[in-house]
Amino acid sequence: MKILVAVKRVIDYNVKVRVKADQSNVDLNNVKMALNPFCEIAVEEAVRLKEQGVATEVVVVSIGSKSCQEQLRNALALGCDRAIQVEAEDGPDSLSVARILAKVAEAETPGLILLGKQAIDSDNNQTGQMLAALLDRPQATFASEIKIEEGKASVTREIDGGLQTLKLTLPAVVTTDLRLNEPRFASLPNIMKAKRKPLEVKSADELGVSVSSNIKLISVEEPAQRQAGIKVSSVDELVEKLRNEAKVIA
Amino acid sequence: MSTLVLIEHDNKTLSPVSLNVLNAAKQIGKPITALVVGSDCANVADQVAKIAGVDLVLLADNAAYEHQLAENVSKLLLEQIDPDNKGADAARFSYVLAASTTTGKNILPRVAALLGVNQLSDVMAIESESRFKRAIYAGNAIATVESSDAVKVMTIRGTAFDAINAEGGAALIESLSNVHLSADIEFVEESLAVSERPELTAATTVISGGRGLGNGENFNMLYSLADKLGAAVGASRAAVDAGFVPNDMQVGQTGKMVAPELYIAVGISGAIQHLAGMKDSKVIVAINKDEEAPIFQVADYGLVGDLFDLVPELEGKII
């Protein structure tokens, strides 16, 4: 079985985000970029499935400008076999991304498609679900456990009240949650090896998808800052304040 | 043109977050149709029909919808929005809303893709008919976006809107008979936490514990205080990752967003990812032994000291 993993290049999760002075967007100039953490978990899961002998090949795909090749090489160093970059302007909307991924999936015919549940920049949490709908295939979002047996994927999902397990007929789309696995670090020999693994470049036009969006970013602002309050010196003082000043307890 | 709201429920009772979503729908200002999808869920439809502001209730009650699987519910929604398959421009609804919960997030993007439109996720303010605000970068920036899609598909952040009045309405209930059942997906099991305490996102008081609690057993201290205050108990990601408590208790950007009247953070340092999930609370109390902990920068009342002394003392002094 072949696994297709879709990944996104985003701001490194350790970097503090700053809004540009003109409020047009956040400032990404000279900011460290990285593989989206949820995508990294998806890569790790695909590689583990290959190591277990469940998958035979892991193909990683990313959509964006040439700079996303850095993240594709990173995924190759983590154990993916080959990569596809679909050249497009950075920051296409989720529907365009899902349409491009659907075309890639039609050509590659993977048994399983893995994606992160959301990117930590746009926080949309949409692409996997949209892709599954376009392909008319089943989905399991927010996965914390994946088992593949006899053409089916048994997936445990993290839902609001607890956990839910679904059984999906492959091919299927699964999006990863935080607790699915702990991604490995790429070793130096594997980073060197990754440089020689195949990386194919395609364009969105070639795939017959025009990247556009009906959602326009008008402005970006800093969230309202909360002011630090006071330190109380005892439980008695706290209870008194909560009762008489904040009036939140009886 | 009107607004379609996907109602969240467990086949028996309406989930409180739906009242917040309905308020967002009310702010859009178009007639509101509420869709109840489930199995043996006529009770829920009755509850929804009584909500002031709901004009029509659509009820799809069938065993096939018992677990509200996205594959089936999305097709049912599509059929309601675009019955003649003519595309978004000819749709019966111009807005489609659901709560930004794991259910809403699971279903709605499928609907958007089938309609060929984008989705606005986790909307926190309705600025106009086409302008909305939503948080990006884990709540570190707020984006104002404008959608020119013919159908605006949106998940709504419940804590950003007040609940609508659950009484005073008398909407008609219309039953839908078409059933969509995908053969490629099967529900196996569900393990839901059973608790006598209020649901985290709906509670007026929330007490959360962090790594400072040391282990899962020590959370009993928080449960005991919570029962006295009628509060829900949450946790930081650090406490969840350390295995102290299950993941459904996690408050934060990757967990639940809460905005209670009173939030008490116990043994929580205040990582950005946690603050993103609770900083809209009205009053924040922090109890931590490290007086430099970032949580104190957002707390209205900070108490520095050993939580193992302070929490029982607090419980004893609350009536």
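Any value given below was found using the heavy atoms of this structure, including those in side chains, with hydrogens, waters and symmetry copies removed.
At a 4.5 Å heavy-atom cutoff, A:Ser154 makes no contact with chain B through either its backbone or its side chain. Looking at A:Leu170, there are no atoms closer than 4.5 Å to chain B (heavy atoms on both sides), in backbone or side chain. No part of A:Gln225 comes within reach of chain B, as not one of its non-hydrogen atoms sits under 4.5 angstrom from that chain. Looking at A:Thr156, neither its backbone nor its side chain comes within 4.5 Å of chain B, counting heavy atoms on both sides. Residue contact with chain A, scored on non-hydrogen atoms closer than 4.5 Å, involves the side chain of B:Lys75 exclusively. Residue A:Ile249 touches chain B through its side chain alone, counting heavy-atom pairs closer than 4.5 Å. Looking at A:Ile120, only its backbone comes within 4.5 Å of chain B, counting heavy atoms on both sides. Heavy-atom distances place no part of B:Val111 under 4.5 Å from chain A, backbone and side chain included. There is no contact between B:Leu108 and chain A, counting heavy-atom distances below 4.5 Å. Interface remark: B:Leu200 contributes no atoms to any contact with chain A (heavy atom separation under 4.5 Å). Heavy atoms of A:Tyr13 lying under 4.5 Å from chain B are absent altogether. When heavy atoms are compared at a cutoff of 4.5 Å, A:Ala246 approaches chain B by way of both its backbone and its side chain. If you measure heavy-atom distances from A:Val232 to chain B, the contacts under 4.5 Å come from both the backbone and the side chain. With a 4.5 angstrom heavy-atom cutoff, A:Arg137 touches chain B via backbone and side-chain atoms both. Both the backbone and the side chain of A:Glu158 have a heavy atom closer than 4.5 Å to some heavy atom of chain B. At a 4.5 Å heavy-atom cutoff, the contact between B:Glu189 and chain A is made by backbone and side-chain atoms alike. Using a 4.5 Å cut-off between heavy atoms, B:Ser74 does not touch chain A at all.
Taking each heavy atom of B:Ile142 and A:Pro223 in turn, the nearest pair found is CG1-CA, 3.9 Å.
For a heavy-atom cut-off of 4.5 Å, chain B lies close to A:Leu178, A:Arg179 in residues 171-182 of chain A.
Side-chain atoms of B:Val206 and B:Ser281, non-hydrogen and from C-beta on, never get closer than 4.5 Å to each other.
Ring pair B:Phe187/B:His67 is parallel by interplanar angle, where below 30° counts as parallel and above 60° as perpendicular.
With chain B as the partner, the residue from A:Lys216, A:Lys241, A:Arg99 showing the most heavy-atom pairs under 4.5 Å is A:Lys216. Counting heavy-atom pairs under 4.5 Å between each of A:Thr127, A:Val239, A:Ile159 and chain B puts A:Ile159 at the top. Heavy-atom pairs under 4.5 Å with chain B peak, among A:Leu134, A:Val10, A:Asp93, at A:Asp93.
Although no hydrogens or angles enter the test, the distance criterion places no donor-acceptor pair under 3.5 Å between the side chain of B:Arg134 and the main chain of B:Asp122.
Under the salt bridge (Lys or Arg N to Asp or Glu O under 4.0 Å) criterion, the residue pairs touching residues 302-315 of chain B are B:Glu313-B:Lys317, with sequence neighbours excluded.
The CD atom of B:Glu127 sits 5.5 Å away from atom OG1 of B:Thr144, with the distance rounded to the nearest 0.5 Å. Distance check, rounded to the nearest 0.5 Å: CG of A:Leu112 to CG of A:Leu114 gives 4.5 Å. Put simply, CD1 on B:Ile272 and NZ on B:Lys279 are 10.5 Å apart, with the number rounded to the nearest 0.5 Å.
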(request) Given side-chain hydrogen bond (donor to acceptor under 3.5 Å, both in side chains), test B:Ser182 with B:Asp184 step by step and report yes or no. (result) CA-CA 5 Å; B:Ser182 166; B:Asp184 290 328; 4.5 Å; no
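A salt bridge is absent between B:Lys105 and A:Asp160: the closest approach of a Lys/Arg side-chain nitrogen to an acidic carboxylate oxygen does not fall below 4.0 angstrom. One finds no salt bridge joining B:Lys282 and B:Asp300 here, because no Lys/Arg side-chain nitrogen approaches an Asp/Glu carboxylate oxygen to under 4.0 Å. With respect to the salt-bridge test (charged N to carboxylate O, under 4.0 angstrom), the residues A:Lys20 and A:Asp27 do not qualify.
One side chain, B:Glu8 or B:Thr101, offers a donor N or O that lies under 3.5 Å from an acceptor on the other. Side chain to side chain, B:Gln119 and B:Ser121 meet the donor-acceptor criterion of an N or O pair below 3.5 Å.
Within a 6.0 Å sphere centred on CD of A:Glu106, other residues, nucleotides and ligands contribute more than 12 heavy atoms.
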